[in-house]
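We're numbering straight along the sequence, starting at 1.
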Amino acid sequence: MMRRRHWLQGMAALGAPLAIGPLMSGLAGSSTAAGGDYRALVVVYLVGGNDGHNTLVPTDAAYNDYQAARRNLALPKSSLVALPGQTIGHSFGLHPALAALAPIYQQQRLAFVANAGALVVPATGAQVLRNEVKLPPFLGSHFDQVALSQGWLVEGEDQSGWAGRALERLPPEMRHAHAAVSIGNQRQLVQGSHSRVSELPSGGSGSWGLANLTRPDLPAFADLLQIAREQHANAYDAEYARTYGAALEAALFFVQADALARPPSGDFGSTYIGQRLARLASLLPVFRSLGLRRQVFLVSWEGFDHHADQRGNTAHTQDSLLAELGPALGAFDAALPAAGMASNVLTLVMSEFGRTLRPGSGGGSEHGWGNHWMLMGEPVAGGQALGTFPGLTLGGPDDGDAQANGRHVPTTSTDQVAATLMQWLGLPGAQLHDVFPNLVNFQQKTIPLLRT
């Protein structure tokens with residue numbers, strides 16, 4: 001109790017620019033306060049371009065096209081984890097490392113979005129080859145496609161992302177200082193036009209340099225507060241102090257949330273992605289108990305740029321990374337209902353682009369365009385794939401590559417997927433085009449990903 005009192009006194013002295021009063025009162029009291037209307041979107045971002053062709057594989061006659069085009073990258077048909085029924089004209093199987101997701105799909109809490117990616121206007125392979133449509137800039141560039149898929153507005157100087165812009169346009173009662181949260185090296189998606197991103201450290205440590213944020217009674221903590229309180233006539237110095245103070249306030253908030261968290265149920269393992277999802281699973285009930293209404297978490301995980309050595313069980317192959325991803329997602333899905341949060345959380349798994357259907361020369365694949373994404377959670381209209389599955393012949397009608405490498409033109413826009421999820425969070429329909437300007441070019445603004 002004494003440490004908490006010291007900590008609250010320190011926060012009052014900080015005078016951070018973000019509204020923290022109600023949250024701090026919740027932290028000082030019980031962690032079992034009524035959660036009310038809480039919704040969170042967790043975006044697991046596979047940086048580098050996960051190979052969707054080896055994530056979701058057709059098991060009907062189209063498998064023969066897949067095998068012929070993929071050659072040394074093709075997964076044996078006997079190794080695939082069968083998904084029940086047919087959807088979008090095919091039967092499918094999962095990469096064997098994703099076996100933990102098959103029961104979630106069968107229970108209709110997991111859906112796939114086929115051939116999704118960044119688009120300015122609807123396009124076909126033939127239109128792209130004839131240069132008849134406006135394309136997203138810098139196709140094939142990791143840096144630029146990460147930014148575009150996370151919501152970069154090419155026109156103008158706005159560097160925000162689609163989730164950040166949407167959170168700023170929610171009704172006032174749903175907004176708060178820690179709605180946009182980044183875990184990892186990416187932040188574009190949750191960056192707002194006028195609001196800040198809260199950085200959630202990967203571990204529960206309270207260390208800030210020499211200071212321990214769990215010990216506000218020690219001198220080093222007082223030094224941090226002093227820096228954050230300093231007033232400056234110089235605009236640059238003032239902005240530094242303001243940014244520093246906001247970062248310190250966020251760090252303190254998460255330290256106190258960690259103190260209230262309980263380990264999640266299930267085995268998340270010790271992998272990079274498993275540990276991050278485990279920490280998030282432990283904190284989500286705390287955030288709900290504090291009365292927070294809406295949050296978006298960006299969990300970035302690098303290592304999916306497999307130009308070489310894509311197959312195999314050595315470290316960092318796609319096969320090995322998916323063997324970490326599948327169990328982690330399965331544990332996360334199981335932990336939510338155990339915490340009474342099954343209907344409160346959606347999990348989107350996406351990348352900046354997919355890979356070419358044709359293998360590269362080094363046992364890998366090259367930068368593609370359209371990709372297969374996953375959406376998981378109780379609100380999902382699961383047990384199906386949505387969109388249009390591309391043909392798996394090189395140089396086919398969905399191939400937008402002049403050398404017929406199987407660089408598929410997306411048939412579902414990133415914006416259509418994101419708009420669907422942001423409306424679930426509460427984005428008013430009248431604000432849709434402010435957040436997603438390119439949707440003016442699409443007749444269908446959202447897709448039926450969620451239960452009605």
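You'll find the side chain of Tyr45 reaches within 4.5 Å of the side chain of Val146, heavy atoms only. Counting only heavy atoms from C-beta outward, the side chains of Val81 and Leu98 never approach each other to under 4.5 Å. Between Trp301 and Val349 the shortest side-chain heavy-atom distance does not fall below 4.5 Å. Under the 4.5 Å side-chain criterion, counting only non-hydrogen atoms from C-beta, Gln416 is in contact with Leu439. Contact of the Glu199 side chain with the Phe254 side chain is not registered, since no non-hydrogen atoms from C-beta on lie closer than 4.5 Å. By the 4.5 Å heavy-atom criterion applied to side chains, Arg451 and Gln108 are counted as neighbours. The side-chain heavy atoms of Leu248 and Leu213, taken from C-beta on, include a pair separated by under 4.5 Å. A 4.5 Å side-chain heavy-atom check between Val417 and Ile447 finds at least one atom pair inside the cut-off.
Counting heavy-atom neighbours within 6.0 Å of Glu155 CD, excluding the residue itself, gives a total of 12 or less. Heavy-atom contacts from other residues, nucleotides or ligands closer than 6.0 Å to CD of Gln106 number 12 or fewer. Counting heavy-atom neighbours within 6.0 Å of Asn313 CG, excluding the residue itself, gives a total of 12 or less.
Across Gln150 and Leu189, no two heavy atoms sit closer than the pair OE1-N, 2.8 Å. Taking each heavy atom of Pro58 and His90 in turn, the nearest pair found is CB-ND1, 4.3 Å. The nearest pair of heavy atoms linking Leu129 to Gly400 is CD2-O, 3.6 Å. Minimum heavy-atom separation, Ala177 to Ser198: O-OG, 3.6 Å. Heavy-atom minimum distance, Trp369 versus Ala118: NE1-O, 3.1 Å. Contact between Ala418 and Phe436 at its shortest, heavy atoms only, is CB-CE2, 3.5 Å.
Taking CD of Glu132 as the reference point, atom CD of Gln127 lies at 6.0 Å (rounded to 0.5 Å). Going from atom CG of Leu321 over to atom OG1 of Thr271 covers 10.0 Å, rounded to the nearest 0.5 Å. In this structure, Leu394 CG and Asp399 CG are separated by 7.0 Å, a value rounded to the nearest 0.5 Å. Atoms CG and NE2, from Asn371 and His408 in turn, are 11.5 Å apart once rounded to the nearest 0.5 Å.
No side-chain N or O of Asp319 forms a donor-acceptor pair with one of Thr317 less than 3.5 Å apart. Between the side chains of Glu366 and Asn405, no donor-acceptor pair of N or O atoms lies under 3.5 Å. No hydrogens or angles considered: nothing links the side chains of Thr314 and Asp309 as a donor-acceptor pair under 3.5 Å. Side chains of His372 and His53: a donor-acceptor N/O pair is absent below 3.5 angstrom, by distance only. Remark: the His142 side chain and the Glu352 side chain contain an N/O donor-acceptor pair separated by less than 3.5 Å. Between the side chains of Arg70 and Asn54, at least one donor N or O sits under 3.5 Å from an acceptor N or O.
Between His307 and His367, the two ring planes are tilted [angle within 30° to 60°].
Results of the side chain to side chain contact (heavy atoms under 4.5 Å, CB included) test with Leu375 over Thr420, Val113, Leu450, Leu110 single out Leu450 as the only residue that passes. Applying the side chain to side chain contact (heavy atoms under 4.5 Å, CB included) test between Leu135 and each of Leu119, Val128, Val409 identifies Val128 as the sole match.
In this structure, Thr87 contributes its side chain and Ala385 its backbone to a donor-acceptor pair below 3.5 Å. With hydrogens and angles disregarded, a donor-acceptor distance shorter than 3.5 Å links the side chain of Gln275 to the backbone of Gly269. Of the possible polar contacts, one joining the Gln188 side chain to the Gln159 backbone as a donor-acceptor pair under 3.5 Å is found. The closest donor-acceptor contact from the side chain of Gln310 to the backbone of Leu73 lies at 3.5 Å or more, if one exists at all. Using a distance-only test at 3.5 Å, with no hydrogens or angles considered, no donor-acceptor pair links the side chain of Tyr38 to the main chain of Leu290. The backbone N or O of Asn50 sits less than 3.5 Å from a side-chain atom of Ser351, completing a donor-acceptor pair.
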Working for side chain to side chain contact (heavy atoms under 4.5 Å, CB included), residues Leu167 and Leu170: CA-CA 5 Å; Leu167 289 169; Leu170 295 182; 3.8 Å; yes
Residues Phe297, Phe287; criterion side chain to side chain contact (heavy atoms under 4.5 Å, CB included); working and verdict: CA-CA 12 Å; Phe297 300 88; Phe287 297 146; 3.7 Å; yes
From CA spacing to verdict: salt bridge (charged side-chain N to carboxylate O under 4.0 Å, His left out), Asp37, Arg294: CA-CA 8 Å; Asp37 174 28; Arg294 298 293 185 266; 2.9 Å; yes
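The aromatic ring centres of His306 and His316 sit 6.0 Å or more apart. Side-chain rings of Phe92 and Phe112 stay apart, their centers remaining 6.0 Å or farther from each other.
Under 4.0 Å is where a charged nitrogen must lie from a carboxylate oxygen, and between Lys77 and Asp60 no such pair does.
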